[in-house]
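One structure is given here, and the rest of the page talks about it.
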Protein chains: 2
Amino acid sequence: MAPAWTDPNCPVARTVDLVGDRWSLLILRDAMDGARSFTDFQRRTGIARNILTERLRKLTAHGLLAQVDAPSGRRRLYALTEAGKDLFPVIVALRQWGERHAFDPDEPHSVLVDATGTRVPALIPASPTGTP
Amino acid sequence: MAPAWTDPNCPVARTVDLVGDRWSLLILRDAMDGARSFTDFQRRTGIARNILTERLRKLTAHGLLAQVDAPSGRRRLYALTEAGKDLFPVIVALRQWGERHAFDPDEPHSVLVDATGTRVPALIPASPTGTP
DNA sequence: CCCGTTTGGTTGCATTTTGCAACCAACCGG
DNA sequence: CCGGTTGGTTGCAAAATGCAACCAAACGGG
C-alpha cells in the first residue's frame, strides 16, 4: 500500500486500487443486498475473518462504508455511504457481463430484475466509442 | 485456481474471479485504448512481466482476448474478443466512479468524453432498485 | 446475577501470489 | 552478420491470503 496509486492519473486505476481485489467488490455486492454485520459478510462471501477485518477497514477508511451504531444495543454495523452506493452501476455492469459470458450456454443462472420484476436493460454508455 | 469459482451461483462473483484482480482490468482498459502487444501492455501498466504473461493467458483462455497474427510478419498480438469488448460498460462505470470519488475535490483529473468531445453521461441502471 | 452463546475481532503460522532482475531464443533492420 | 527489440521464462524474495485457535465484550435466558 506504500506506492499510493498504481497509476495516479487514471481514474480506472485508482478505482481498481480501492476495490479491485478478490473480495472488496463482493463485500460491496452483499452490502447492496442488505448485509450489515461482520458475520453477515463473512457467511455470504466465505472470506477469511482477518482479511474481512482488513477489507472492512479499508473500505471505511476510503469512505465506501461507514460504521453505524445498531438501533438497539451498541453493536457496530457497516452501512454503505453515498460513495459506496455510487458503485452500484459497477456491480450491475459486472453482474450483467457475468450473466452473458461467465456461464455455459445451457447453464442456468439468474437474471437481474428490478423491484417490479422486470428485467433491467443492459447498461450502455451513451455514445458507442472509445476512451479519449 | 482449484476451487473453480468463489461462488458458482453469483454472476458478480464469477466475473470478479475472472477479472477482479489488481491487473486484469487495467490490461483490458489498455486493450480498449488500443494496446495490442506484450510490451505495450507492460509499458502502460507497469505490471511485472511474468504476471503479464499469466494474465494474458488467463484472459485469452477465458475468451476475453484472442491472439491474432500481425498483418506483416508473424508476431503475436492480442485483440479484444466480443466478450472482451462487452466489458466496456464495466470499465466506463469504474472510470466514472473514480472521477467522482477517487480524487480530492481540488485535484485535477480527466473526464470521460466520447469521440465528438462531449461528456459521456453517468451510467445508470434503468430502475433504481436492488438485486433479486 | 450467573452461565453459555454469539459477535467481532486478533494472532501466529503455512500457503499462494506478486514483484524483481537476470537470462534467453527468435526475429528484424541494416 | 550484428546489435537491438520482442516476447517471453526462471529463480528467488517479499507481500498478500487463508486457516485455525484464541479472546474479550455483549446478549439472553433462567
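Below, each value reflects all heavy atoms present in this structure, side chains not excepted, and no hydrogens, waters or symmetry copies. Everything numeric here is computed off the predicted structure, so don't read it as measured data. We name chains A, B, ... by the order of the sequence lines, and we start the count at 1 in each one.
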Check the pair B:R22, A:D17 against salt bridge (Lys or Arg N to Asp or Glu O under 4.0 Å), reporting the backbone distance first and the verdict last. CA-CA 7 Å; B:R22 173 168 220 65; A:D17 279 344; 3.5 Å; yes
Quick one: do A:W97 and B:V12 satisfy side chain to side chain contact (heavy atoms under 4.5 Å, CB included)? Show the steps, please. CA-CA 8 Å; A:W97 189 91; B:V12 181; over 6 Å; no
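Checking the phosphate oxygens (OP1, OP2) of C:dG8, a side-chain nitrogen or oxygen of A:T39 falls inside 4.0 Å. A:R57 has a side-chain polar atom (N or O) that falls below the 4.0 Å cut-off from OP1 or OP2 of C:dT10. Applying the 4.0 Å criterion to OP1 and OP2 of C:dG9, one finds that A:Y78 has a side-chain N or O inside that range. An OP1 or OP2 oxygen of C:dT18 is reached within less than 4.0 angstrom by no side-chain nitrogen or oxygen of B:W23. Within the structure, every side-chain polar atom (N or O) of B:R22 is placed at least 4.0 Å from both OP1 and OP2 of D:dA16.
One axis for each end of the helix from C:dC1-D:dG30 to C:dG30-D:dC1, each built from five base pairs, and the angle between them comes to 40° at 10° resolution.
Ion pairing between a basic and an acidic side chain is recognised when a charged N comes within 4.0 Å of a carboxylate O; A:D7 and B:R44 show no such pairing. A salt bridge links A:R95 with A:E99: the closest approach of a Lys/Arg side-chain nitrogen to an acidic carboxylate oxygen falls below 4.0 angstrom. A salt bridge links B:E82 with B:K85: the closest approach of a Lys/Arg side-chain nitrogen to an acidic carboxylate oxygen falls below 4.0 angstrom. Look at A:R100 and B:D86 and you find a salt bridge, because one of the NZ, NE, NH1 or NH2 atoms lies within 4.0 Å of a carboxylate O, short of that distance. For A:R55 and A:D21, the salt-bridge test passes: some basic side-chain N is under 4.0 Å from an acidic carboxylate O.
When each of D:dT17, C:dG9, D:dG7 is scored by its nearest atom to the side-chain atoms of B:F38, the top-ranked nucleotide is D:dG7. Checking D:dT17, C:dG9, C:dG8 against every side-chain atom of A:Q67, the shortest atom distance belongs to C:dG9.
When rounded to the nearest whole Å, the span between CG of B:L52 and P of C:dG19 equals 11 Å. Per the geometry, CD belonging to B:E54 stands 19 Å off P belonging to D:dG7, to the nearest Å. One atom, CZ of B:R36, and another, C1' of D:dG7, lie 17 Å apart when rounded to the nearest Å. Rounded to whole angstrom, the span from the CG atom of A:L56 across to the P atom of C:dG9 amounts to 7 Å. Between the C1' atom of D:dG8 and the CG atom of B:L77 lies a distance of 14 Å, rounded to the nearest Å.
Within residues 42-51 of chain B, the residues that place at least one heavy atom under 4.0 Å from DNA chain D are, in residue-number order, B:R49, B:N50.
Cation-pi geometry between B:R36 and B:Y78 is not met at under 6.0 angstrom from the ring centre and within 45 degrees of the axis.
Looking at B:L59 and B:W23, their side chains never come closer than 4.5 Å, going by heavy atoms from C-beta outward.
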